[in-house]
Amino acid sequence: MAQQIEEILNDEFVGKKVELRGWIYRKRRVGKLIFIVLRDSTDIVQCVVEKRKIPEETFKLLDKVGVESSLVLKGTVRKEERAPTGYEVDVEEIAVVGPSYNFPISKDKSDEFLLDNRHLWVRSREMNAILKIRHTVFKALHEFFRDRGYYETQGPMFVTGAVEGGSTLFEVPYFGKKVYLTQSSQFYLETLIFSLEKVYTVAPSFRAEKSRTRRHLTEYWHAEAEAAWYHNDDMMRDEEDMIVHIIQRVLEERKKELKYLNRDIELLQNIEKPFERMRYEKLINFAQEHGVNIEYGDDLGADEETAITKHFNAPVFITHYPREIKPFYHRPDPDNPNVILCHDLLAPEGYGEIIGGGERIYKLEVLLQRMEEEGLNPEDYYWYVDLRKYGSVPHAGFGLGMDRFVWWIAGLSHIKYAIPYPRTIRRTKP
RNA sequence: GCCGCCGUAGCUUAGUUGGCUGGAGCGGCCGGCUGUUAACCGGCAGGUCGCAGGUUCGAAUCCUGCCGGCGGCGCCA
């Protein structure tokens with residue numbers, strides 16, 4: 001039975017025979033010795049091949065093949081301070097499974113080149129660490145929702161109407177008709193709360209925004225939830241519990257990866273509930289006091305978000321936006337109908353918005369009035385309007401950008417590093 | 001929709017006030033080396049300077065158009 005590299009890197013394995021399977025990460029030949037740094041999904045370990053211990057042809061082949069060749073080897077573990085991970089394997093048997101010559105990625109690499117070769121770059125230690133963190137984020141998200149009594153469900157990807165602005169829909173030919181790729185599953189989740197009460201989904205969302213920024217993808221992973229009988233505050237409570245739970249899990253399971261990425265772990269460890277809740281109006285004052293050029297009624301731009309979030313060590317909820325700058329479905333505040341019962345969650349360190357959510361309008365007249373204000377035709381949204389006709393209830397929900405979340409947690413410079421195959425305005429390959 | 005930047009060998013690049021045969025590192029190939037750390041030493045090969053047109057005695061270098069890419073704003077998650 002073969003071992004994985006991570007498990008043999010300790011004193012218990014010293015003197016023991018192991019079988020390893022992996023890929024050549026680095027290779028150095030020194031006379032009748034070949035040093036092979038082997039990698040597998042778990043870690044790297046240096047293996048020493050002595051010419052006299054293996055067949056002549058095998059040594060020649062090993063000398064010839066390049067990095068990323070796949071190998072199976074047997075050998076004995078030894079403590080070795082000179083080796084990169086503190087232990088070394090003296091090789092007794094070794095076989096090349098799949099040779100690799102002239103692997104395109106070497107030490108010099110540009111951003112563009114690595115994106116063109118993403119299918120090979122995913123093997124890098126850096127991407128390996130990011131992908132593991134991403135895995136834990138997704139896993140912990142599911143844990144949270146299941147523990148909190150949410151049902152997992154799914155909406156369609158082909159849709160006929162916009163949730164957000166109509167200009168950012170991707171059109172798809174559909175048997176002589178036109179449909180669109182979904183921007184959000186929110187409206188479908190709203191229908192499902194009448195059956196399941198609390199629902200969530202993790203699915204791609206597509207936005208044809210011509211955005212060229214470090215925080216935008218055209219296809220991104222969207223975690224969305226809706227809950228019946230929830231008000232804005234109830235939803236924010238679940239969200240902060242969720243964020244804290246996921247961060248906790250990442251700190252438990254992925255410290256090694258965070259360190260590899262030089263993430264400031266202390267910043268994550270210091271995040272505590274409850275998060276600051278700040279009304280939009282107060283935020284504007286706060287921002288103005290800190291020299292940000294913004295007025296009441298402006299939506300927050302990237303510069304403002306950065307300036308504001310740099311003053312906080314934890315995520316901050318911004319609530320009660322003016323109704324004009326948010327979509328029609330948000331419920332106006334009964335105490336002041338000029339503002340809505342909504343919230344955005346801004347991640348610290350300048351990462352900015354990762355969640356948008358709020359309480360939905362549940363009264364028919366209010367919904368119809370808001371649609372009229374926005375120039376929307378209720379017939380196009382007949383099924384959404386219907387929900388307010390047949391036993392409507394107060395409810396709230398949110399959408400979390402999973403890639404943005406990973407981007408922040410891993411402390412990455414650009415969101416394209418947070419997903420295996422980023423789709424941006426210019427990039428659809430590989 | 002708006003603003004800015006880049007394109008020279010497989011990769012990373014130097015060279016851009018127009019002027020000698022466009023240099024280098026990595027990688028590749030050949031040879032050497034029993035403790036290397038993206039090893040080192042010697043040698044060799046590798047170029048449509050993104051494409052097209054223009055200016056000029058002369059263009060990688062200047063101009064125009066096109067193609068490809070990157071970053072930022074706005075919008076958003």
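Lettering of chains follows the sequences in order, A, B, ..., and the numbering in each one begins at 1.
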Whole-Å gap separating P (B/C75) and CZ (A/F206)
24 Å

What integer number of Å spans the P atoms of B/C11 and B/G54?
30 Å

Electrostatic pair A/K429-A/D116, nearest N-O below 4.0 angstrom:
no

Distance between P atoms of B/C57 and B/C41 (Å, rounded)
49 Å

Salt bridge (Lys or Arg N to Asp or Glu O under 4.0 Å) partner of A/D63, the single match among A/K51, A/R28, A/R29
A/R29

Can you figure out which of B/G71, B/A38, B/G35 approaches the side chain of A/D111 most closely?
B/G71

It should be established whether A/K107 places a side-chain nitrogen or oxygen under 4.0 Å from OP1 or OP2 of nucleotide B/C26.
no

Classify the side chain of A/D108 and the base of B/G25 as holding, or not holding, a donor-acceptor pair under 3.5 Å.
yes

More 5' along RNA chain B: A/R78 or A/R214, using each one's nearest nucleotide?
A/R78

RNA chain B-proximal residues of residues 80-93 of chain A, any heavy atom under 4.0 Å:
A/E80, A/R82, A/P84, A/E88

Nearest-angstrom distance from the residue atom CZ of A/F398 to P of B/A77
13 Å

Should A/H414 be listed as having a side-chain N or O under 4.0 Å from OP1 or OP2 of B/G71?
yes

Under the criterion side-chain contact (heavy atoms from CB on, under 4.5 Å), which of A/R146, A/R148, A/E226, A/E224 is the partner of A/Y200?
A/R146

Please determine whether any donor N or O and acceptor N or O are separated by less than 3.5 Å between the side chain of A/T213 and the base of B/G74.
no

Residue A/S110, side-chain heavy atoms: nucleotide from B/C26, B/G35, B/U12 that is nearest
B/U12

Using OP1 and OP2 only, check whether a side-chain N or O of A/K27 sits under 4.0 Å from B/G27.
no

Measure distances between side-chain N and O atoms of A/R212 and base N and O atoms of B/C3, and say whether any donor-acceptor pair falls under 3.5 Å.
no

Look at the side chain of A/L115 and decide which nucleotide, out of B/G74, B/C70, B/C33, has an atom nearest to it.
B/C70

The side chain of A/N102 is closest to which nucleotide in this list: B/C76, B/G71, B/G28?
B/G28

Salt-bridge test for A/K416 and A/D403: reply yes if a basic N is under 4.0 Å from a carboxylate O, no otherwise.
no

Taking A/E93 first and then A/K53, would you say they form a salt bridge - that is, a charged N and a carboxylate O separated by under 4.0 Å?
no

Rounded to whole Å, the NZ-P distance (A/K109 to B/U13) equals 11 Å

Aromatic ring of A/Y220 stacked on base six-ring of B/A77, 5.5 Å, 30°
yes

Is A/R39 touching bases, backbone alone, or none of the nucleic acid, heavy atoms closer than 4.0 Å?
nothing

Below 30° counts as parallel, above 60° as perpendicular, anything between as tilted: where do the rings of A/H414 and A/Y417 land?
perpendicular

Can you measure A/R215 atom CZ to B/C76 atom P for me and round it to whole angstrom units?
12 Å

Salt bridge check, A/E88 against A/R78: does any charged N sit closer than 4.0 Å to a carboxylate O?
yes

How many whole angstroms separate atom CG of A/L114 from atom P of B/C70?
12 Å

Side chain of A/K32 only, heavy atoms from C-beta on: which candidate in B/G69, B/C26, B/U34 is closest?
B/U34

Ring geometry between A/F398 and A/F145 (parallel below 30°, tilted from 30 to 60°, perpendicular above 60°):
parallel

Pairing of A/E68 and A/K27 as salt bridge, 4.0 angstrom limit
no

Please state how far atom CD1 in A/I415 lies from atom P in B/C70, giving the value in whole angstrom units.
15 Å

Expressed in whole Å, how much space separates the C1' atoms belonging to B/U13 and B/G46?
16 Å

For residues 419-429 of chain A, which residues have at least one heavy atom under 4.0 Å from RNA chain B?
A/R426, A/R427

Do the ring planes of A/Y329 and A/F187 sit parallel (below 30°), tilted (30 to 60°) or perpendicular (above 60°)?
perpendicular

Of all the nucleotides listed (B/A77, B/G35, B/U34), which has the minimum atom distance to the side chain of A/E50?
B/U34

Counting Watson-Crick and G-U wobble pairs only, both distances under 3.5 Å, name the nucleotide matched with B/G7, or none.
B/C67

Looking at B/G47, which nucleotide sits across from it as a Watson-Crick or G-U wobble partner, both distances under 3.5 angstrom, or is there none?
none

Regarding A/K178 and A/E171, does a basic nitrogen lie under 4.0 Å from an acidic carboxylate oxygen?
yes

I'd like to know if A/S211 reaches the base of B/C75 with its side chain, counting only an N/O donor and acceptor under 3.5 Å.
yes

Given atom CD1 of A/I325 and atom C1' of B/C75, what is their separation to the nearest angstrom?
12 Å

Residue closer to the 5' end of RNA chain B, A/L217 versus A/G66 (nearest nucleotide)
A/G66

Name the closest nucleotide to the A/E353 side chain, picking from B/C76, B/C11, B/G1.
B/C76

Whether the side chain of A/Q3 engages the backbone of A/V18 through a donor-acceptor N/O pair (distance < 3.5 Å, no angle test) should be reported.
no

Give A/I355 one of three labels, base, sugar-phosphate or nothing, depending on what nucleic acid heavy atoms sit under 4.0 Å from its own.
sugar-phosphate

For B/C73, what is the paired nucleotide under Watson-Crick or G-U wobble rules, both distances under 3.5 Å?
B/G1

Expressed in angstrom and rounded to an integer, what is the separation of A/W221 atom CH2 from B/A77 atom P?
18 Å

